[in-house]
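Throughout, protein chains are lettered first and strands after them, A, B, ... in sequence-line order, and every chain is numbered starting at 1.
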2 protein chains.
Amino acid sequence: MKWDELAEESCSMARTLSVIGDRWTLLILRDCFLGVRRFDAFQDRLGVTRGILSDRLKQLTEAGVLKKIAYQDRPPRHEYKLTAKGLDLYPVVLSIVHWGDRHMAGDAGRPVLHRHQSCGHLFDPVLSCSECGDPLRPQEVDVLPGPGRTDDRHLPVTARRSG
Amino acid sequence: MKWDELAEESCSMARTLSVIGDRWTLLILRDCFLGVRRFDAFQDRLGVTRGILSDRLKQLTEAGVLKKIAYQDRPPRHEYKLTAKGLDLYPVVLSIVHWGDRHMAGDAGRPVLHRHQSCGHLFDPVLSCSECGDPLRPQEVDVLPGPGRTDDRHLPVTARRSG
DNA sequence: CTGAGTCGGTTCTGAAATCGAACTTAATTT
DNA sequence: AAATTAAGTTCGATTTCAGAACCGACTCAG
């Protein structure tokens, strides 16, 4: 399967991965959320080759996750900023960071801490139910066919016993 | 930068991506959460080549995300199951799916729906603060150096003005 | 007891992606 | 005039991936 075929799958995960399912892309997004905006700044921080960086920034821009904003005209220069669509990736990024904090931090502890401005506390992110507010656990979630389903390859195995 | 170097970075995101930062790995994990357990079942559902699948399952097992469990002896056969460490990736997987639901679903709507058993409602996942319970927004989160930090390449740009 | 099928892989070759380094273009600074 | 900055592009060498065939241990049907 190729990257552009991924986007056609009847699965929201596959479609999302067609945009962000690459390690450099996700590291670029991490830096975006940390306030990095310029080509050379990404390159210095990430250590990625310029060719790859150029390609990934173009893809993210075409996908509507980043937008190019000019900050001077002669010579033309611009910076990359997260769109609303890109800002919506915050839960993805923070969930990934949090798993690393819990399971990949060495004895020295986690490399960064997060503080919630509105309550003032250091916190961990928790994924919870929009309806009742309780934390979500995989055993307590049913996966059902939705209106946009075109095949049942991505339903749970327990829901496909008829075939 | 190579994959094994990623694991040494002073950044929880980079460390996590050294384990799951690959599109096939994440699709394998999606299927794990949907109840897929066996090599050929993964191969049928994903359309991945057997060589890649073999490699990724080995990596996930070595990383402690999956464990091999024998279900018969002659010939030796086993299945792959999520460990506790693997189950902790649920917020990552669900956040990715949810972003796809919001931003990549076509006119037909999302391919699958999620129902929370304990409250009975169809829901969206929300990332919230462990301390006050409010939804987290990137503008309201401060990133601070933690005890395990070994350099400041992964701090926000605003926290590095001294250098 | 032969032949097909199952399961969990490995091996092979050509195609594609990535790496590192150098080069380009337009403008400013020394 | 020469160096520097910013945002890329280009190029050859290396690495990874895709697609297909093959393998080994066993079971089952005839």
Any donor-acceptor pair under 3.5 Å linking the side chain of B:S128 with the backbone of B:P135? no
Report the residue (A:W3 or B:D55) whose heavy-atom-nearest nucleotide on DNA chain C is the more 5′ of the two. B:D55
Quick one: label A:F42 by what it contacts on the DNA or RNA (base, sugar-phosphate, nothing), any heavy atom closer than 4.0 Å. nothing
A:D22 side-chain N/O to A:T25 backbone N/O, donor-acceptor pair under 3.5 Å: yes
Do A:H154 and A:E9 have side-chain N/O donor and acceptor atoms under 3.5 Å apart? yes
Could you state the atom-to-atom distance from CZ of B:R56 to C1' of C:dG9 in whole Å? 16 Å
For B:K58 and D:dT16, give me the distance from atom NZ to atom C1', rounded to whole Å. 15 Å
Go through C:dC19, D:dA18, D:dG8 for me and flag the one nearest to the A:R23 side chain. C:dC19
May I ask you to say what A:R74 touches in the nucleic acid, namely base, sugar-phosphate or nothing, with a heavy-atom cut-off under 4.0 Å? sugar-phosphate
Give the nucleotide from the list C:dT18, D:dG24, D:dA6 with an atom nearest to the side chain of A:D40. D:dA6
On a plain distance test, is the side chain of A:R77 in donor-acceptor contact with the base of D:dA7 below 3.5 Å? no
Hey, does the side chain of A:S54 come within less than 4.0 Å of D:dT9's phosphate (OP1/OP2), counting only N and O? yes
Rounded distance (nearest 0.5 Å) linking atom CD of B:E140 with atom CZ of B:R137: 4.0 Å
Would you mind telling me which of C:dG8, D:dA7, C:dA27 lies closest to the side-chain atoms of A:R50? D:dA7
Between atom CD in A:Q43 and atom P in C:dA21, what is the gap in whole Å? 11 Å
Residue pair A:K68/B:D73 against DNA chain D: nearer the 5' end by closest nucleotide is A:K68
Spacing between B:L27 atom CG and D:dA18 atom P, to the nearest angstrom: 11 Å
Strictly below 4.0 Å: does A:Y80 bring a side-chain N or O up to OP1 or OP2 of D:dA6? no
Between C:dA16 atom C1' and B:I52 atom CD1, what is the distance in whole Å? 12 Å
When you check the phosphate oxygens OP1 and OP2 of C:dG8, does a side-chain N or O of B:Y71 lie under 4.0 Å from one of them? yes
Angle between ring planes, B:Y80 versus B:H78, binned at 30° and 60°: parallel, tilted or perpendicular? perpendicular
Using whole Å, report how far CD of B:Q59 lies from P of D:dT16. 10 Å
Heavy atoms under 4.0 Å, any strand shown: does B:W24 hit a base, just sugar-phosphate, or nothing? sugar-phosphate
Is the distance from OP1 or OP2 of D:dA6 to the nearest side-chain N or O of A:H78 less than 4.0 Å? no
Measure CZ/A:F39 against C1'/C:dT24 and give the value in whole Å, please. 13 Å
Cation-pi between A:R50 and A:F42: NZ/CZ under 6.0 Å from ring centre and within 45° of the ring axis? no
Take the protein atom CG of B:D4 and the nucleotide atom C1' of C:dC19, then report the distance between them rounded to whole Å. 15 Å
